[in-house]
2 protein chains.
Amino acid sequence: MTTQKTTARKAMPDFDRPLVTVDVVIFTVVDEQLKVLLVRRPESATEPFPGRWALPGGFIDVTRDTSLFDCAMRKLGEKTGFTTPYLEQLGSWGSATRDPRGWCATHVYFALVPPLEDGEAAGSAASEWVEVDAALRKRLAFDHADILAAAVERLRGKVEYTSLPAFLLPEPFTLPQLQRTYEIVLGRPLDKSAFRKRMLDAQFLVEEGSISGVAGRAAMGYRIGDRDRAAVFPRTFRSFEVQSLQE
Amino acid sequence: MTTQKTTARKAMPDFDRPLVTVDVVIFTVVDEQLKVLLVRRPESATEPFPGRWALPGGFIDVTRDTSLFDCAMRKLGEKTGFTTPYLEQLGSWGSATRDPRGWCATHVYFALVPPLEDGEAAGSAASEWVEVDAALRKRLAFDHADILAAAVERLRGKVEYTSLPAFLLPEPFTLPQLQRTYEIVLGRPLDKSAFRKRMLDAQFLVEEGSISGVAGRAAMGYRIGDRDRAAVFPRTFRSFEVQSLQE
DNA sequence: TAAATAGTGTCTCTAAGACAATATCAT
DNA sequence: ATGATATTGTCTTAGAGACACTATTTA
């Protein structure tokens with residue numbers, strides 16, 4: 001069924017077609033931890049990796065998905081309900097051996113979302129937010145451990161010079177909250193003064209009125225100016241120290 | 001063997017499978033210009049976009065290619081003969097409409113190679129090195145104009161803070177040659193002193209003996225220390241000027 | 001008023017850019 | 001020696017980090 005249904009005149013390639021899937025690595029920060037959404041593979045013995053944890057994803061439906069991005073957005077919406085997350089392509093993984101059902105290529109996206117409100121479908125029995133280092137230690141289905149590692153590396157790398165962590169917070173948020181989010185993702189403390197200068201100089205935040213916390217002075221609330229792209233800073237954090245560490 | 005190879009028992013998805021291709025954007029610098037390799041689509045009317053220029057690539061051969069990367073490397077080798085180029089994944093493009101033959105996803109890689117020696121198959125009649133801005137103005141097949149634009153953007157972007165241009169030169173090369181290559185890719189002059197400090201501080205070059213040019217003082221020749229990865233600089237070129245330009 | 005948190009100022013340091021000065025090669 | 005090119009040094013400046021200081025809110 002898969003290959004030539006060449007009724008038509010265009011030359012259809014008579015190669016066997018690989019399986020094609022889309023997977024989404026969905027990050028959030030909740031309880032002071034960076035977490036990733038994992039789903040449980042069906043228990044059925046007819047499925048590969050029954051019962052294992054995996055990244056959310058699945059086959060492209062050529063009748064519903066008009067593009068890879070649409071497909072990723074659809075899967076993200078099904079799992080989290082978010083409609084305007086940060087969603088970028090991470091890369092693709094394809095080989096003869098990564099799926100026992102045959103030659104398979106997956107297109108992987110990575111998404112940043114604010115923590116879900118308690119009401120929302122955070123964990124249907126089949127899905128769960130898992131702290132990333134714990135997730136990396138699990139024996140995930142397929143090559144999803146490699147994919148997750150690549151996603152975490154990309155996230156931590158880009159956080160050094162972009163405004164990505166802002167997409168992990170519900171709006172409006174304060175600069176101290178944003179700094180805390182950076183620190184959670186990077187796993188190290190940042191200097192308050194340098195952090196604020198950097199964020200405000202980058203001009204990607206819009207003021208949204210003061211917010212009172214549980215104690216202490218009220219803080220300015222901010223919203224992301226342009227949710228379609230992250231701001232890029234001219235340098236990484238601690239750039240010169242990184243330099244010396246390499247030696 | 002764990003995964004029962006049962007012809008029948010694994011649930012095979014009954015989705016129609018998209019077409020799957022791999023394309024490679026191959027850059028080089030020759031005649032003081034950044035060029036990209038284009039190939040001509042076959043003239044046959046049974047093929048999509050007959051006679052149009054396109055990026056080199058084609059369908060995955062699930063019987064020969066063990067992975068996407070292998071497939072890209074194979075296509076690169078067929079076109080240029082290089083075996084140790086710089087090759088990284090650019091991304092994937094997939095939609096219902098990008099190929100008239102049906103839902104198609106392509107995995108795109110981008111490669112940097114030194115200019116070919118005259119003897120080598122630089123231009124079989126069906127392929128040609130084209131200056132990138134001229135290539136961007138051509139009406140390429142499929143969505144290859146979008147893909148090429150993304151590749152050029154990625155290249156120019158990464159050149160600001162990585163050692164990528166070193167992979168465009170035959171080894172050994174000199175620092176003035178490397179600087180010229182950066183300037184060609186970026187399209188603007190760089191300061192000599194700052195450039196040398198940056199390259200040498202990054203520790204990715206190994207000395208390879210002095211090289212005499214046609215005139216003037218001989219220059220130190222260098223080779224790339226680790227061809228498997230590019231060096232990353234802690235800042236972009238002209239970082240603060242870029243900053244002020246944004247305002 | 002005290003505790004807690006938000007926000008600012010000052011000083012030092014790294015590395016980039018501008019550009020001048022020096023070194024070495026072919027003829 | 002001279003012209004050409006390679007290589008180094010000096011000065012200035014932007015922005016990062018360390019850290020002390022001030023400001024504002026709640027209890």
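Chain letters run A, B, ... following the sequence lines, proteins first, then strands; residues in each count from 1. Keep in mind that the numbers below use all heavy atoms, side chains included, and drop hydrogens, waters and symmetry copies.
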What nitrogen or oxygen pairs link the protein and nucleotides 25-27 of chain C at under 3.5 Å?
none

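A sub-4.0 Å separation between OP1 or OP2 of C:dT8 and a side-chain N or O of A:Arg196 is present.
Aromatic ring orientation, B:Phe237 versus B:Tyr182: perpendicular (interplanar angle above 60°, classes split at 30° and 60°).
The nearest whole Å value for the distance from the CD atom in B:Gln179 to the C1' atom in C:dA16 is 14 Å. Atom NZ in B:Lys192 sits roughly 22 Å away from atom P in C:dA15 (whole-Å rounding). Atom CD in A:Glu183 sits roughly 12 Å away from atom P in D:dG17 (whole-Å rounding). D:dA14 atom C1' lies 6 Å from atom CZ of A:Arg235, rounded to whole Å. The distance between atom CG of B:Leu205 and atom P of D:dT7, rounded to the nearest whole Å, is 12 Å. Whole-Å rounding puts the B:Phe195 CZ to D:dT8 P distance at 14 Å. In this structure, CG of A:Leu175 is placed 13 Å from C1' of C:dT5, rounded to the nearest angstrom. Regarding A:Tyr222, its OH atom lies at a distance of 12 Å from the P atom of C:dA6, rounded to whole Å.
Salt bridge annotation for A:Arg40-A:Glu128: absent, with no cationic side-chain nitrogen under 4.0 angstrom from a carboxylate oxygen. Checked for salt-bridge contact, B:Glu88 and B:Lys158 meet the test: a charged N lies under 4.0 Å from a carboxylate O. Between B:Arg235 and B:Glu160, none of the side-chain N atoms (NZ, or NE/NH1/NH2) sits under 4.0 Å from a carboxylate O, so this pair counts as no salt bridge.
Evaluation of atom-type donor-acceptor distances gives no pair under 3.5 Å for the side chain of B:Ser193 against the base of C:dG17.
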List the steps and the verdict of ring pair (Phe, Tyr, Trp, His ring centres under 6.0 Å) for A:Phe173 and A:Tyr222.
-> CA-CA 5 Å; A:Phe173 51 83; A:Tyr222 295 92; 7.2 Å; no
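Of the inter-residue distances, the one linking B:Phe204 atom CZ with B:Asp226 atom CG reads 11.5 Å to the nearest 0.5 angstrom.
Between B:Thr174 and B:Lys197, the residue anchored nearer the 5' end of DNA chain D, judged by the nucleotide with its closest heavy atom, is B:Thr174. Residue whose closest nucleotide on DNA chain D sits further toward the 5' end, between A:Asp191 and B:Asp191: B:Asp191.
The list of side-chain hydrogen bond (donor to acceptor under 3.5 Å, both in side chains) pairs with a residue in residues 167-179 of chain B, not counting sequence neighbours, reads B:Glu171-B:Arg223, B:Glu171-B:Arg227, B:Gln179-B:Glu183.
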